[in-house]
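Report on the following structure.
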Amino acid sequence: MRLPDKTNAMTMNDNTSLTRTAKSLGTYASLAGALLIAALIAWYFLGPGGSAAPGSGGAAAALQGVALDAGAAARGDAAALRSVNDQIAVLAQAAKRDAQATWARDKRWPALQ
């Protein structure tokens, strides 16, 4: 009886490392497939634009800008103060357009104006 060639793992029927590798590869492929299906379902329900409301991009950018410039404005930086005031003006216009926005209904918004 001839022994199998041990240099080529693909020809061995009882190679446990090959079986373990194949099982883990199958697990990763199954997981990737499940994630793909979940992403497609989410895309179907949320649409290609995601969950952001139309026109909310400017308000989100202004809120982030206020948060980023607040520290420098508190230290008295003139450019940061102007930037915060400009961004608050953008937020005020956005609040007039959409008074039901979550950030516009926040109790801290009137104190910022």
Quick one: ring pair (Phe, Tyr, Trp, His ring centres under 6.0 Å) pairs with a partner in residues 66-85, sequence neighbours left out? none
Smallest heavy-atom separation, Q100 atom then R105 atom, equals O-NE, 3.2 Å
With clusters built from Ile, Leu, Val, Met, Phe, Trp and Tyr whose side-chain heavy atoms come within less than 4.5 Å, directly or transitively, what are the remaining members of the cluster of L81, listed by chain and number? none
Pairing residues for D77 by the side-chain contact (heavy atoms from CB on, under 4.5 Å) criterion, not counting sequence neighbours: A72, A79, A80
Going by ring pair (Phe, Tyr, Trp, His ring centres under 6.0 Å), name the pairs with one or both residues in residues 67-92, residues two or more places apart or in two chains. none
Among pairs that include at least one residue of residues 59-69, which meet side chain to side chain donor-acceptor pair (under 3.5 Å), considering only residues two or more places apart or in two chains? D69-S83
Going by the rule side-chain contact (heavy atoms from CB on, under 4.5 Å), which residues pair with I41 if we only count those two or more places apart in sequence or in a different chain? I37, F45
Which residues pass the side-chain contact (heavy atoms from CB on, under 4.5 Å) test with L91, not counting sequence neighbours? A59, A62, L63, V66, W103, W109
Linking Ile, Leu, Val, Met, Phe, Trp and Tyr by side-chain heavy atoms under 4.5 Å, what else ends up with Y28? none
What residues, two or more places apart in sequence or in another chain, satisfy salt bridge (charged side-chain N to carboxylate O under 4.0 Å, His left out) together with D106? R108
